[in-house]
There are 2 protein chains.
Amino acid sequence: MTSRPTSRDVAKAAGVSQSTVSLVLGGKWSGRVSPATAAAVQDAAERLGYRPNRAARSLRLGSTRTVMLVVPTLTAPFFGAVYEGAARVAAQHGFGVVAYPWPEHAGPADSPFAAPHEAIDGILASSLAEDALSGFAGTPVVMLDSDPAAEAPTVVFGVEDGMRVIVDHLAGLGHRRFGHLASSIDQWTFHARGRALADAVAAVPGATLVREDAALDVADAKDAALRLLGGPGRPTALVCDDDVMSAGAYKAARARGLEIPRDLSVTGFDDVLLAAALEPELTTVRLPADELGAAGMDALLRLLEGERPGSLSLPGELVVRGSTGPAAVGAAPVHGPLHG
Amino acid sequence: MTSRPTSRDVAKAAGVSQSTVSLVLGGKWSGRVSPATAAAVQDAAERLGYRPNRAARSLRLGSTRTVMLVVPTLTAPFFGAVYEGAARVAAQHGFGVVAYPWPEHAGPADSPFAAPHEAIDGILASSLAEDALSGFAGTPVVMLDSDPAAEAPTVVFGVEDGMRVIVDHLAGLGHRRFGHLASSIDQWTFHARGRALADAVAAVPGATLVREDAALDVADAKDAALRLLGGPGRPTALVCDDDVMSAGAYKAARARGLEIPRDLSVTGFDDVLLAAALEPELTTVRLPADELGAAGMDALLRLLEGERPGSLSLPGELVVRGSTGPAAVGAAPVHGPLHG
DNA sequence: TCGTCCTAGTAATACGTATGACTTCCCCTC
DNA sequence: GAGGGGAAGTCATACGTATTACTAGGACGA
């Protein structure tokens, strides 16, 4: 036999009918098939190296046991980790995951990838506006790192806590003048980070916050950071929307002759590989991307089974490294402490 | 109608038989169906939003039009880019790509991902030993960045050229004492890089090469680099097996009080985001990972159509940035220039 | 001894598509 | 007017599975 064996081949080998094979291998034979026969079937299946044909099974069951993961890109390690977390959980339930990189600026028709409407049971979409998925109406969706106000169940990071813990850390080091190197990307994640930072700074008596927006790349972030560090009364701490922007902040600091962390503290967000590669190593908030993927897949599988999973928030963790230090004394605000 | 329309629904709406719908939508109706009927069918399909059921089609055709991409991980941007390149080409031919992260040290059974033997038409495997794919015998395979001596068709980078161009660049700057910060990973890619570097250095009159092995992470690379920079007659140029290791080299240089590129030149390999984030920015060889994926997928699709694609080598490109400079005079070999 | 229930299985069918074999119908030629 | 042949479709079937409805044969109680 040159092609793959079917359940009928197994049946013939075991001397039973195809139905029996299906019953046994489906695990639903309690009281329907004798243990001896079941064992014979399993033995035959093993011997022939039988694997159920997935297409046939999908056709019969009306379910592909495949889930689509939509991400802006896979070239960012963050989303790679999301994929791996999601795929791990999916595999435990016999589901496969097909990744679908989809730049946020692209419309539904722009995607170079053929939309596999028909081949999936559900969608896990990361960092995307919900309406980008029009055209998939009717397919169960779970959104990751997106506006929790959306209709679909959502899994996000606890950005508020993350920013608060950063600001607390910096405030504890004496910082009062904060700069925000913000992403100009129109995405819920970054809006949330901006709001969270503003709130956290507002909770620190006497603290000020200035903000510059930039694209998510090193060169552009450097330019924005240069502006932040330009005038008098410059910030003593730069809070960046993500680690890559921090690299730009580093370059700007060097260009201005500022030494990190002596003259300037810098923080990131995400804790990707880059964070530990920088000099000095970057203080940042670690976001467990794989857990995001795993939790999202968990929610999606629940949704597929008819449950209605609630939205969820995952905590980040502050990782203190070498890029943050005490605020220079001379850099403190001239006026004394306010509001006690 | 709440569930998705089938070809039979379209047939009813267009007033024809299901066969006709299949013929028209399959595009094989030249001389079998009148243009008017064909138009009516297409119109009805459009109106109902008909999409062929992929499972049924797969079952009928015996082909899933899905290809598996096996990579060590997706958390490395390099492999994310490979995926995107492969998926782009696949989509143009109506194929989907399911990624399958598989750490090289894991055996076939160790993978947390259920092996979808039955659901794929072919395999694109990156940075893997060929025998890791036992158990997929009979499935067409194309190997990426792997030993071209393998049975399967292969697409690799022209590592020899890459290393030669690095060494030429450095030799042109006066360097003669080279250090190799090598990956300890037992993988064809890195063996090839080691050989290529040795050959390139051997071609430079009076040049020497010392080597240290390390894991592919910043901390371990730093330790190895410290050893390389330890003794007298230390290398004036450090050639690293990849960009991440270069970050370790930077840290070691700083620890030794060496300034890059004044006291020490450093080069990387791959040109990932990190390369441009380092200070100074890293001179490296850019490997077009997406082209690797695209070329590999192209070869695989050919293979699936019965052709026998040959192996292919893709050129890298030297990107000169700030981490390489003239060899310090005092560091030059004591004997004068040889061979003009 | 007959009806009933349980056990251990089998037969038949449907999922939605693609395609080879057929069927009409009509035009054309001799 | 008989026959050939092309155009335009339709019929029937198979892909491999999961599951529902059915059956054969005992065992058992009354």
Side-chain angles (χ1 to χ4, degrees), chain A residues 1-42 44-45 48-66 94 116-121, chain B residues 1-42 44-45 48-66 94 116-121:
Chain A
M1 187 157 348
T2 167
S3 72
R4 272 220 324 285
T6 74
S7 59
R8 237 171 285 265
D9 296 324
V10 175
K12 195 165 298 180
V16 297
S17 75
Q18 181 266 333
S19 334
T20 305
V21 172
S22 191
L23 244 31
V24 170
L25 266 35
K28 325 198 164 163
W29 51 281
S30 59
R32 308 249 310 163
V33 177
S34 76
T37 310
V41 167
Q42 275 166 341
L48 296 180
Y50 169 72
R51 299 242 146 199
N53 179 312
R54 202 167 199 170
R57 169 180 257 159
S58 294
L59 178 58
R60 178 66 229 253
L61 297 178
S63 146
T64 60
R65 296 192 86 73
T66 297
H117 295 68
E118 0 65 30
I120 54 165
D121 289 349
Chain B
M1 185 155 350
T2 165
S3 72
R4 271 222 324 285
T6 74
S7 59
R8 238 171 286 265
D9 297 324
V10 176
K12 195 166 298 180
V16 298
S17 75
Q18 181 266 333
S19 335
T20 306
V21 172
S22 191
L23 282 175
V24 170
L25 267 35
K28 323 197 167 168
W29 52 279
S30 58
R32 305 249 310 168
V33 178
S34 77
T37 308
V41 167
Q42 273 164 342
L48 295 181
Y50 168 73
R51 299 244 147 200
N53 179 311
R54 204 168 198 169
R57 172 179 257 162
S58 293
L59 178 57
R60 178 67 231 252
L61 297 178
S63 147
T64 60
R65 296 193 86 74
T66 297
H117 294 68
E118 2 63 28
I120 53 163
D121 288 350

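As the structure is a computational prediction, the values presented were derived from the model and not from experiment. Here is the naming used below: chain letters follow the sequence lines, and residue numbers restart at 1 for every chain.
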Can you tell me the distance, in whole Å, between the [atom1] atom of [X] and the [atom2] atom of [N]?
{"X": "B:R54", "N": "D:dG16", "atom1": "CZ", "atom2": "P", "answer": "19 Å"}
{"X": "B:K12", "N": "D:dT10", "atom1": "NZ", "atom2": "P", "answer": "14 Å"}
{"X": "A:K28", "N": "D:dT20", "atom1": "NZ", "atom2": "C1'", "answer": "12 Å"}
{"X": "B:R8", "N": "C:dC15", "atom1": "CZ", "atom2": "P", "answer": "8 Å"}
{"X": "A:R65", "N": "D:dG16", "atom1": "CZ", "atom2": "P", "answer": "21 Å"}

### Task
Ignoring backbone atoms, test whether A:S7 places a side-chain nitrogen or oxygen under 4.0 Å from the OP1 or OP2 oxygen of D:dT17.
yes
#### Entry: Shortest non-hydrogen separation from B:W29 to B:L23 and the atoms involved
CD1-O, 3.9 Å
### Message
So which atom in A:A14 and which in A:A44 form the shortest heavy-atom distance, rounded to 0.1 Å?
### Response
CB-CB, 3.9 Å
Any sub-3.5 Å donor-acceptor pair from [X]'s side-chain atoms to [Y]'s backbone N or O?
{"X": "A:D121", "Y": "A:S63", "value": "no"}
{"X": "A:T20", "Y": "A:V16", "value": "no"}
{"X": "B:S58", "Y": "B:R54", "value": "yes"}
{"X": "A:T66", "Y": "A:T64", "value": "yes"}

### Task
Return the residues of residues 14-23 of chain A meeting this criterion: a heavy atom under 4.0 Å from some atom of DNA chain D. Order them by number, or give none.
A:Q18, A:S19, A:S22, A:L23
### Query
Which residues within residues 32-41 of chain A lie with some heavy atom under 4.0 Å of an atom in DNA chain D?
A:R32
### Message
For B:S22, give me all partners under side chain to side chain donor-acceptor pair (under 3.5 Å), at least two apart in sequence or on another chain.
### Response
none
### Query
For the side chain of A:P52, counting heavy atoms from C-beta on, which of C:dT17, D:dT17, C:dC15 is nearest?
D:dT17
### Proximity to the side chain of A:R57 - top-ranked nucleotide from C:dT17, D:dT17, C:dT19
D:dT17
